[in-house]
Chemist: 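Quick one: this structure, given as structure tokens, is what I'll be asking you about.
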Amino acid sequence: MTRTALLLSAAFFLVPCAFARGGETVAVVFSGAALDPIPSYKAGGELYLDAKRIGEIYGGQVYSYPVSGRIQLTLRGRVMQFLIDTKKATAGDESFDLVSPAIARASKVFLPVSFLSSEAFERWSGFDARFDQGTKTLQVERRATAGPVRAFSYKGRTRLTLELGSGLTYQTVARGVGAMEIVVPFGVVEGDDQVDVDDGVVSAYAVKQAPRSVRVTVHFTKTGQRWKAVELADPRRLVIDVYGPGIVPGADAVEEVPAASPPAAKVAVDLATTSAAPRRRVIVVDAGHGGRDPGATGTRGTKEKDITLVAALELARVLRERGDFKVVLTRESDVFVPLSDRSKTANDLSADLFVSLHCNAAGNHRETGFEVYSVSERASDPEAEALAASENAALELEGKKPEEEDAKLILLAMTKTEMVNESAPFAAFVEREIGKRIGVPDRGQKQAGFYVLRGTHAPAILVEMAFISHAKDEAQLGSRRFRRRLAEGVAAGVAEYARKKGWLE
Ligand SMILES: [Zn+2]
């Protein structure tokens, strides 16, 4: 037994008896950042969390009054009252029903998770909370009423969209000759953002949460550029079109706004009536693993297959919002899909681009960051080769021999050298755009013989979003905000590649 193990077992026996049933801690991830674990207590099928810590995490305070049995939660100047062992809470004139009551144990007060994650409490607090039973993690994110801001680059024009909750007002103002600003009084955003767009029209945009408003500043590439703002519904959003130097917005500028998810029939009509219209390019988005193949598992138990699915759904959403691609997912639920079926989906649709999403894992828990892989016969380094081997391991679950499949695919790859050559520049665009948007380190663009990429007759890349085996990366992967920014990066890379190929003329 090692020294550490001895110390740990000694510490175990020192745990107070009152926590014999509770005692466990719950991991907390706040807007993608891992915080100190929080003491918990289990009783009657309910999980309880230390109320004082909840107060701190939410940026408020909790006071408890042992004599009267009252617990008071103060948040942004408002107060909610609980009574020990009572299934009611009150805030001003409002009263809330709890499934389980607040409790006191060993001179600590606890609040039930079922209440923290209830719609009523989320609305009152302004924070969304979700408890993951599998990973024993409480995910807390600020409930935004404005945003996200998304940027879409088109030829000579950049469109920024800002979702707005009902009841919010806004102002759009010029900031000198080189920028414009949107101000949303009383708006709340998920968090501050700063993105370098650098598409020749918009150089960057910044989202800032001020105490009583949200400010979005859009910086132009050149001075004197024109812009137009319009409000659209379903979802309610403000659309700002910024025009490249010398371009004057046409009267039809607003009509081209694509529906969030264009109906298939509409697409068919567009193609039929406009003879010169280009084919709508097909992007296949592949959520790695699924079903009986969980992929890698994080230190807190996060499964790669769950992260890749939510990330793929988000990427599909962002790409569809652009309005100029047809987007197909290889899976939309927790099902097992053989690797060859994934490439077959792409090939049957004559896909133009293929993007596979994965999470990296390493025995060394210090490894962190994202990587973008393009297909190749030779791996760029031994780590890349080992990674491809582990991602190809799903073949064994399909009852196939990886080596035999490998030989078949090398022949196939040689017949489509062009696709292999095109994958590297595609990967480079995606890598650069992700790097602009997320905080985890950029480990660069690499090559390896991923089976799922080799079988696809289109430029194909595989994105290892972050290390699920690294505590901070794992927390990021669990954050909606991180996945949103990553998806926006991939989508911007896809659009940039498509623009360079002349697909979006
Ligand atoms: Zn994977």
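Here the structure is a predicted model, which means the values were calculated and not measured. Computed from heavy atoms alone, side chains included, the values below leave out hydrogens, waters and symmetry copies. This chain uses plain numbering: 1 for the first residue, then up along the sequence. We count ligands from 1, going down the list as the structure has it; atoms in each ligand are counted the same way.
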Chemist: Please determine whether ring-ring contact (aromatic ring centres under 6.0 Å, His included) holds for the pair W503 and Y497, giving the CA-CA distance in whole Å, both sets of side-chain angles, and the decisive distance to 0.1 Å.
Modeler: CA-CA 9 Å; W503 292 352; Y497 179 81; 5.8 Å; yes
Chemist: What residues form a ring pair (Phe, Tyr, Trp, His ring centres under 6.0 Å) with F370, not counting sequence neighbours?
Modeler: none
Chemist: More than 12 heavy atoms of other residues, nucleotides or ligands under 6.0 Å from CD of Q194: is that the case?
Modeler: yes
Chemist: Return the name of the atom in E391, of element N, O or S, nearest to the Zn ion (ligand 1).
Modeler: OE1
Chemist: With a cut-off of 2.8 Å, does any N, O or S atom of H358 fall short of it relative to the Zn ion (ligand 1)?
Modeler: yes
Chemist: Checking side chain to side chain donor-acceptor pair (under 3.5 Å) between D193 and each of R437, Q209, K208, R481, which is the one that passes?
Modeler: R481
Chemist: With the Zn ion (ligand 1) at the apex, how many degrees lie between NE2 of H289 and OE2 of E304, rounded to 10 degrees?
Modeler: 100°
